[in-house]
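Step one of this worksheet: look at the structure below.
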Protein chains: 2
Amino acid sequence: MNSNHSAKDQHLCEACLFKRLSTNFISTDDFCHIEKHTQQLRYKKGDTILKQGANTTHLVFLFKGIVKFEFENTNGKNLILTVVSAPKLLGGANMFYKNQNLFSICAVEDCDVCFIELNVFREILLKNSRYALMLFEKASEMFKVSILNFISLAHKQIHGRIADILIYLAESVYCSRRFDLSLTRKELADFAGCSQENVIITLSKFKKEGIIKMEKKDFEIVDYDKLLTISKIG
Amino acid sequence: MNSNHSAKDQHLCEACLFKRLSTNFISTDDFCHIEKHTQQLRYKKGDTILKQGANTTHLVFLFKGIVKFEFENTNGKNLILTVVSAPKLLGGANMFYKNQNLFSICAVEDCDVCFIELNVFREILLKNSRYALMLFEKASEMFKVSILNFISLAHKQIHGRIADILIYLAESVYCSRRFDLSLTRKELADFAGCSQENVIITLSKFKKEGIIKMEKKDFEIVDYDKLLTISKIG
DNA sequence: ATCGAAAACTGAAATATTTCATATTCACTT
DNA sequence: AAGTGAATATGAAATATTTCAGTTTTCGAT
């Protein structure tokens, strides 16, 4: 089932955003060292990129595609912690903690990623504290997003939570009020922490009230302000 | 109402855990530099130590007492993100992010804390990357706890959430199965993300079933295994 | 010691959410 | 082109949770 294979048409590191960002902080030599211990891979929609419970040995730079962070419960229930789109450095939360992956990272769209060896990366961080601090700021930013998700989940009802998710997807994942949703209704439910049926009912309601247009996977936020209001009142 | 005052009987830095931990990684000179830019303060139960929305200018080392991390919503609802007891370095999440406090930190027991100037601390981190990475690891650990809270909240019902909270308090805050709870029932509700009444009903149920003993603020976990089971099935 | 405000508690009604049963559509394989 | 399983959709019943109204208890300030 795991259909990744070394990408034939390798993206050149020259064009890579991560390289451009990094070489503002570290020497070209240091980046080359990272590059030597990096493997480029391609994943199909549905593939698992990092598996919950496995040892954290690599950092992942997502340079194309969309992934979900998914926590699988012992009783089979899933929870999606967040959804992010390229370009993004993944594993920030665990980046500096030698341990097991807290959650899985799965492709919800075809993805191209680079696997960077963590121990090599750590060496570079030790040599370049300014770089380390910059990356930690980025990780803190991700932490912030998680906290806000957490808050939404904790004291909003379904309408507010679904509104939050639609806003988040439009703002931070698809960067457009109209998008072709990569997630199933079930995955939306895992994201909102509710039942599938409740997602469907709520989306239908938003559609009836003219807040969104929705045709299968094709979504468009029509009344953004109303969505913000729903988010606010919870 | 803010009843903090410079502690008369200052704790000596010599005895401080934070100093002992730090000087494993940085020079005594560097630690003295931190010390010079540190202020020791005492807070009463109920006082706010760091205010949500204020600029993050200091790191806080809590060396005595218990605090809650509280997010205040626009519509007046509160959410407690976590509760931690001394000794602990607070502000790890925002530590390397020059910004506003995402949430308030309030004393739920009388607290003694040291305020450390963030810009001074940053300098030291830049000079001592090994120290920085060690602190990142600690911050990541806190992040992990938040994620697990988040998961509990997201797909457990009240029984499971209250069980989780009791386990957490016993294990990580009071370090004993019997404890004098510093939080009100309302605060427990803010922690569990539910109504006050629901907390009371659930605790009464646990008491009736012989899982806990509870007399006012005096709590004791009697049947720890049953609590674990409840936590597991959600 | 007393007063008043805040906290703890209880039961009933209202509301939100899940579960279950069933139908339809969609995507994909043969 | 037909068949299969997954995804989407809908309504009703069961369950969980909140809200409300009212009572008792606790705790700190005077």
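Numbers restart at 1 for each chain; the letters A, B, ... are given by sequence-line order, proteins then strands. No hydrogens, no waters, no symmetry mates; every other heavy atom, side chains included, goes into these values. Bear in mind the structure is a predicted one, so any value in this text is a computation, not a measurement.
- Taking atom NZ on A:Lys205 and atom C1' on C:dA16, their separation rounds to 11 Å, with Å as the unit.
- Other residues, nucleotides and ligands contribute over 12 non-hydrogen atoms within 6.0 Å of the NZ atom of B:Lys217.
- One can place CG of A:Leu188 at 13 Å from P of D:dA7, the figure rounded to the nearest angstrom.
- OP1 and OP2 of C:dA27 both lie 4.0 Å or more from every side-chain N or O belonging to A:Lys216.
- The aromatic rings of B:His58 and B:Phe115 lie perpendicular to each other, with more than 60° between the two planes, well past the 30° mark.
- Put simply, the side chain of A:Glu197 and the base of C:dC20 share a donor and an acceptor less than 3.5 Å apart.
- The shortest distance between side-chain heavy atoms of B:Val83 and B:Val67 does not fall below 4.5 Å.
- Nucleic acid contact class of B:Ile201 (heavy atoms, under 4.0 Å, all strands): none.
- B:Tyr174 has its ring centre less than 6.0 Å from the ring centre of B:Phe179.
- No more than 12 heavy atoms of other residues, nucleotides or ligands lie within 6.0 Å of NZ in A:Lys205, so this atom counts as exposed by the packing criterion.
- Following rounding to the nearest Å, A:Leu183 (CG) and D:dT8 (C1') show an atom-to-atom distance of 15 Å.
- Closest to the A:Gln157 side chain, of the nucleotides D:dT8, C:dA16, C:dC26, is C:dA16.
- Between the CG atom of A:Asp218 and the C1' atom of C:dC26 there is a distance of 16 Å, given to the nearest Å.
- If you find the closest nucleotide of DNA chain C to A:Lys156 and to B:Lys186, the one lying nearer the 5' end belongs to B:Lys186.
- Distance CD1 (B:Ile200) to C1' (C:dC9): 5 Å, rounded to an integer number of Å.
- Taking 4.0 angstrom as the limit, A:Lys217 places a side-chain polar atom (N or O) nearer than this to OP1 or OP2 of D:dT8.
- When the nucleotides D:dT18, D:dT10, C:dC9 are ranked by their closest atom to the side chain of B:Cys194, D:dT18 comes out on top.
- When rounded to the nearest whole Å, the span between CZ of B:Phe206 and C1' of C:dC9 equals 17 Å.
- If you take CG of B:Leu203 and P of C:dA7, they are 17 Å apart, rounded to a whole angstrom.
- Using a 4.0 Å heavy-atom distance criterion, B:Ser195 is classed as a base contact.
- Going from atom CG of B:Asn198 over to atom P of C:dA16 covers 16 Å, rounded to whole Å.
- Between B:Thr184 and C:dA6, a side-chain N or O to OP1/OP2 separation shorter than 4.0 Å is absent.
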